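For reference, the structure is listed below as C-alpha cells.
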Amino acid sequence: MAVVVITGRGGAGKTTLTSNLGIYFAKNRYKTLVIDGDLYLPKLGFHFSIDSPRYSIHNLLRDPTLKTENAIYRHKKTGVYVIPGSAKLRDIIDVPAFRLKTILHEIMDEFSVILVDSPTGIPFDTLHIFELADYQIIVIELERSPIYSAEVMIQNEVVKLKSLGDAFGLNVAVVLNKVRESSKNIEAVINFLEDEIEVPVIGVIPFDHSVPHSVNMGIPILEYKPRSHVSRRLKECGEILEEWMFGKVKVERIIDEIIAEKLLNP
C-alpha cells in the first residue's frame, strides 16, 4: 500500500494528474482509490462523471456513523475507485477536516494505491494525512511564470511544499505539467530542481487542448485518448512512480497472481 499526496498551486493540474495516475495504476492491476481532499473546491468527481454523489467525503467527515464504503464509487470504464467531494455549500462550510486522517486510516489496507488530491497551496486541510502518506508529488506549471523567473517561482513554491514532505519523512518528487513547445529552457529547469533543490522530476507532461475537453466529458485523458502524446507522457510518469514505489515487488506480485489464476483455472 502506498499513499500519494498531490500538492501544488491552483490550476497547475493536480486533479488531472490524480485522476490519470489513478487510471494508470488501476489498469496495471493495482486496486486504486482516488480521494478528493480539496474540501472547499472539490472537483475530482467531475473527472469521472460523478457530479451529484449521494454520499461524499464531506458526508463521511460530518457523520462518523456513516460507513466509508457508502461514499466509494467504482468507475466502470477504468476500474478506479473514487471518493468524490460535495459541491453543496452546506456540506463545505465548517467541515471537520481533521477526520480525514481517521477515514484514510480505516481503509488503507483495502487498496494497493491511494492518491489524495490536495487543496491549493499549503495543504492545511490534508496535512493530517501526511502522517499516513509515503509519497508527495508536487505539480508545477511553468507557463504561468516567466521562464527567466522560474527559479524564483520554484524556490517560492516547491521548496515550501517539499519542506512539508521532508518534515513527515515523505518521498518527494515533482511533475512539470502543461509544458508547451515554447519552453526551450525546460532542461535547465529540470537540472535546477534535481541539482539545487534536490527533488527528482518524474514527469514532464505537455500541454494539450484535449485534456480540458476530456475533463468536460468526464473521462480522464488516459481513457479518452490513450494513444495521444500527453497520454504517453502520463503513462511514463506512472511507470516511473510505480517503479519508485514498488520496484521488484511489482514483478513478484504479478507472478503470484498468474500462479493463482493457473491454480484456479488449470
Side-chain angles (χ1 to χ4, degrees), residues 3-22 33-66 68 70-73 75 80-108 114-133 135-141 144 153 156-158 160-165 167-168 170 172 175 177-178 211-212 215-216 218 220:
V3 178
V4 183
V5 181
I6 314 293
T7 59
R9 64 168 131 167
K14 296 185 286 76
T15 308
T16 297
L17 184 66
T18 302
S19 61
N20 283 286
L21 285 178
L33 173 70
V34 295
I35 301 175
D36 200 333
D38 194 345
L39 302 179
Y40 296 100
L41 290 172
K43 51 188 179 296
L44 181 62
F46 299 145
H47 288 242
F48 293 94
S49 299
I50 305 173
D51 51 3
S52 299
R54 181 176 181 182
Y55 298 109
S56 68
I57 187 66
H58 292 82
N59 296 113
L60 295 177
L61 292 171
R62 289 186 176 280
D63 185 0
T65 65
L66 181 65
T68 305
N70 289 332
I72 298 179
Y73 302 82
H75 190 242
V80 179
Y81 291 86
V82 185
I83 299 183
S86 171
K88 299 176 182 177
L89 184 60
R90 65 174 180 270
D91 291 336
I92 294 173
I93 295 176
D94 295 328
V95 63
F98 67 90
R99 289 203 65 249
L100 189 58
K101 177 184 173 183
T102 302
I103 293 169
L104 183 58
H105 188 268
E106 291 174 352
I107 58 174
M108 283 176 62
I114 298 175
L115 298 124
V116 182
D117 182 31
S118 287
T120 297
I122 305 297
F124 291 110
D125 298 330
T126 56
L127 204 55
H128 309 85
I129 66 172
F130 274 55
E131 298 176 23
L132 303 177
Y135 300 86
Q136 176 193 25
I137 299 177
I138 303 170
V139 185
I140 61 176
E141 179 190 355
R144 287 195 291 168
M153 183 273 289
N156 182 54
E157 183 176 334
V158 177
K160 291 177 183 176
L161 290 170
K162 180 179 181 295
S163 65
L164 284 177
F168 286 93
L170 274 57
V172 184
V175 168
N177 194 34
K178 301 182 185 180
V211 174
V215 174
N216 291 335

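What you are looking at is a predicted structure, and each value in this text was computed from that prediction instead of being measured.
The environment of CG in Asn216 is crowded: more than 12 heavy-atom neighbours from other residues, nucleotides or ligands sit within 6.0 Å.
Residue pairs meeting the salt bridge (Lys or Arg N to Asp or Glu O under 4.0 Å) criterion with at least one member in residues 45-57: none, sequence neighbours excluded.
The nearest pair of heavy atoms linking Arg9 to Glu141 is NH2-O, 3.7 Å. Of all non-hydrogen atoms in Ser49 and Gly218, the two that sit nearest each other are OG-O, 2.9 Å. Here the shortest heavy-atom pairing between Pro96 and Arg62 reads CD-CG, 4.1 Å. Nearest heavy-atom pair, Ile138 versus Lys162, reported as atom, atom and distance to 0.1 Å: CD1-N, 3.7 Å. Here the shortest heavy-atom pairing between Gly45 and Pro84 reads CA-CB, 4.0 Å. Smallest separation of non-hydrogen atoms from Pro119 and Gly37: CD-O, 3.5 Å.
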Self-check item: Residue pair Leu161, Ile122: steps toward the side chain to side chain contact (heavy atoms under 4.5 Å, CB included) verdict
Solution: CA-CA 7 Å; Leu161 290 170; Ile122 305 297; 4.1 Å; yes

Self-check item: side chain to side chain contact (heavy atoms under 4.5 Å, CB included) evaluation trace for Phe48 with Val34
Solution: CA-CA 11 Å; Phe48 293 94; Val34 295; 4.0 Å; yes

Quiz item: Can you list the steps and then say if Asn177 with Leu17 is a side chain to side chain contact (heavy atoms under 4.5 Å, CB included)?
Solution: CA-CA 9 Å; Asn177 194 34; Leu17 184 66; over 6 Å; no

Practice problem: Any chance you could lay out the side chain to side chain contact (heavy atoms under 4.5 Å, CB included) test for Phe130 and Thr7, step after step, and finish with the verdict? | Solution: CA-CA 11 Å; Phe130 274 55; Thr7 59; 4.2 Å; yes

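A distance of 12.0 Å separates CG of Leu115 from OH of Tyr135, quoted to the nearest 0.5 Å. If you take CG on Leu132 and OG1 on Thr126, they are separated by 11.5 Å, rounding to the nearest 0.5 Å. We find the NE2-NE2 distance between His47 and His75 to be 12.0 Å, quoted to the nearest 0.5 Å. Separation of atoms NE2 (His128) and NE2 (His105) is listed at 15.0 Å; rounding is to 0.5 Å. Between the CD1 atom of Ile83 and the CD1 atom of Ile50 there is a distance of 10.5 Å, given to the nearest 0.5 Å. Separation of atoms OG1 (Thr120) and OH (Tyr40) is listed at 13.0 Å; rounding is to 0.5 Å.
Residues Val175 and Ile6 have side chains not in contact (no heavy-atom distance under 4.5 Å, counting atoms from C-beta outward). Leu61 has its side chain within reach of Leu39: a pair of non-hydrogen atoms, C-beta onward, lies under 4.5 Å apart. For the pair Pro53 and Val82, the minimum side-chain heavy-atom distance is 4.5 Å or more. Considering only heavy atoms from C-beta on, Ile92 comes within 4.5 Å of Pro42 through its side chain. You'll find the side chain of Asp38 stays beyond 4.5 Å of the side chain of Thr15, heavy atoms only. Looking at Val116 and Val4, their side chains never come closer than 4.5 Å, going by heavy atoms from C-beta outward.
With sequence neighbours excluded, no residue forms a salt bridge (charged side-chain N to carboxylate O under 4.0 Å, His left out) with Lys160. Applying the salt bridge (charged side-chain N to carboxylate O under 4.0 Å, His left out) rule to Asp36 yields no partners; only residues at least two apart in sequence or on another chain are considered.
Proximity of a side-chain donor or acceptor of Lys14 to a complementary backbone N or O of Val139 within less than 3.5 Å is not detected. Side-chain atoms of His58 come within 3.5 Å of backbone atoms of Ser86 as a donor-acceptor pair (strictly under, hydrogens ignored). Panel note: side chain Asn20, backbone Thr16; a donor-acceptor pair is recorded below 3.5 Å. The closest donor-acceptor contact from the side chain of Arg99 to the backbone of Leu60 lies under 3.5 Å. Judged by distance alone, with hydrogens and angles left aside, the side-chain atoms of Tyr81 form no donor-acceptor pair with the main-chain N or O of Ile114 at under 3.5 Å.
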